[in-house]
Every structure is written in structure tokens, then in C-alpha cells.
Amino acid sequence: QVQLVESGGGSVQAGGSLRVSCAASGVTGSLYCMGWFRQAPGKEREGVATITVGGTTSYVDSVKGRFTISKDNARNTLYLQMNSLKPEDTATYYCTAQSAYSPACQRRNALKFPFRGQGTQVTVSP
């Protein structure tokens with residue numbers, strides 16, 4: 001089993017930056033893919049970014065060039081660096097992971113992964 005705990009959310013003005021983190025524990029050596037999805041009030045959940053064990057990344061178009069997903073294997077920690085934040089980025093951000101190779105490690109599949117954290121709130125004011 002895998003446990004995921006997010007941290008680092010908060011409030012920032014538009015144009016600012018935040019970094020959210022996800023600490024993984026348990027059988028972390030089996031994880032093939034990790035990622036982030038978000039849910040804004042009144043909107044559907046949206047896969048934001050994923051990264052494979054080999055470092056291949058995938059992003060939703062709306063965050064490309066602004067967000068960077070990365071991981072520190074030694075610390076079993078996943079990160080999402082968010083720059084040039086916009087009010088439309090306001091959401092609860094969830095860390096997610098899977099051990100299997102299917103579904104493919106792409107951001108559009110992030111909602112399908114079996115392991116997920118409790119979420120961390122990110123609020124961007126105009």
C-alpha cells in the first residue's frame with residue numbers, strides 16, 4: 001500500500017509562485033507513475049501533470065510553460081512548481097500515483113490512478 005500526503009498549498013496573488021509537495025510512504029519502490037490533478041469549485045476534476053519513474057512528463061495545455069512537475073527519489077517526494085499563477089488555477093490539488101503501466105502515464109489519466117492524497121488548497125487572487 002502507498003500513502004500520499006500533500007503540503008505547501010496556500011494563497012498568492014496572480015503572477016506569484018507556489019510549490020506543492022507530496023510525500024510518499026509505504027511500497028514506494030513499486031510506483032511507476034506519479035502526478036497531480038486538481039478540482040476547482042463547481043468544476044470537474046482535471047489532470048494537471050504526470051511524471052514517470054524515468055522522468056517523462058505530461059502537462060495539461062493550460063499550465064505548460066508555467067508549472068513543472070519533478071520528484072526527488074531519495075526523499076520519495078513529488079513536487080509541482082507553479083509559476084505565473086492565475087486565478088483560474090485556484091483549486092484543491094491532489095497527488096496521485098500508480099504502480100501499473102496502464103493506463104498510460106499521461107496527465108489525462110491522472111484521475112484513474114489508484115493512490116491519492118487528501119489534497120492541498122491553492123488560492124490565487126486577482
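Atoms considered below: every heavy atom in the structure, side chains included; atoms not considered: hydrogens, waters and symmetry mates. Bear in mind the structure is a predicted one, so any value in this text is a computation, not a measurement.
In this structure a side-chain-to-backbone donor-acceptor pair under 3.5 Å is missing from Arg108 to Ala104. Although no hydrogens or angles enter the test, the distance criterion places a donor-acceptor pair under 3.5 Å between the side chain of Glu6 and the main chain of Gly119. Listed for the Arg45 side chain is no donor-acceptor partner under 3.5 Å among the backbone atoms of Ala110. Ser58 places no side-chain N or O within donor-acceptor distance of the main-chain N or O of Ala49, the cut-off being under 3.5 Å. When atom types are taken as modelled, the side chain of Thr77 and the backbone of Arg75 share a donor-acceptor pair closer than 3.5 angstrom. Put simply, the side chain of Thr90 never gets that close to the backbone of Thr123: no donor and acceptor are under 3.5 Å apart. Between the side chain of Gln106 and the backbone N or O of Thr50 there is no donor-acceptor pair closer than 3.5 Å. No side-chain donor-acceptor contact under 3.5 Å links Glu46 to the backbone of Val60. A donor-acceptor distance shorter than 3.5 angstrom exists from the side chain of Arg66 to the backbone of Ser84, with no hydrogens or angles considered.
Across every non-hydrogen atom of Leu31 and Val53, the tightest pair is O-CB, 4.1 Å. Nearest heavy-atom pair, Val48 versus Phe67, reported as atom, atom and distance to 0.1 Å: CG1-CD2, 3.9 Å. Of all the heavy atoms in Tyr32 and Cys105, the pair that sits closest is CE2-CB, 3.9 Å. Between Ala91 and Gln121 the shortest heavy-atom distance is O-NE2, 3.4 Å. For the pair Lys64 and Tyr59, the tightest heavy-atom approach, listed with the atom from each and the gap, is CE-O, 3.3 Å. Among all heavy-atom pairs drawn from Ala97 and Met34, the shortest one is CB-CG, 3.9 Å.
Cation-pi geometry between Arg19 and Tyr79 is met: under 6.0 angstrom from the ring centre, within 45 degrees of the axis.
Phe37 and Tyr94 have parallel rings, their planes meeting at less than 30° on a 0 to 90° scale where 60° marks the start of perpendicular.
Distance check: Leu78 CG to Thr96 OG1 gives 10.0 Å after rounding to the nearest 0.5 Å. In this structure, Leu85 CG and Ser11 OG are separated by 11.0 Å, a value rounded to the nearest 0.5 Å.
Side-chain atoms of Gln39 and Thr92 form no donor-acceptor pair, as typed in the model, at a separation below 3.5 Å. For Gln3 and Ser25, the side-chain atoms include at least one donor-acceptor pair closer than 3.5 Å.
You'll find the side chain of Cys95 stays beyond 4.5 Å of the side chain of Arg116, heavy atoms only.
Of the listed residues (Asn83, Val122, Val124, Asp89), just one forms a side-chain contact (heavy atoms from CB on, under 4.5 Å) with Leu18, and that residue is Val122.
Tyr93 is not connected to Leu111 by any chain of hydrophobic side-chain contacts under 4.5 Å among Ile, Leu, Val, Met, Phe, Trp and Tyr, and they are in different clusters. Placement of Phe113 and Trp36 in two distinct hydrophobic clusters is found when ILVMFWY residues are connected by side-chain heavy-atom separations under 4.5 Å, directly or transitively.
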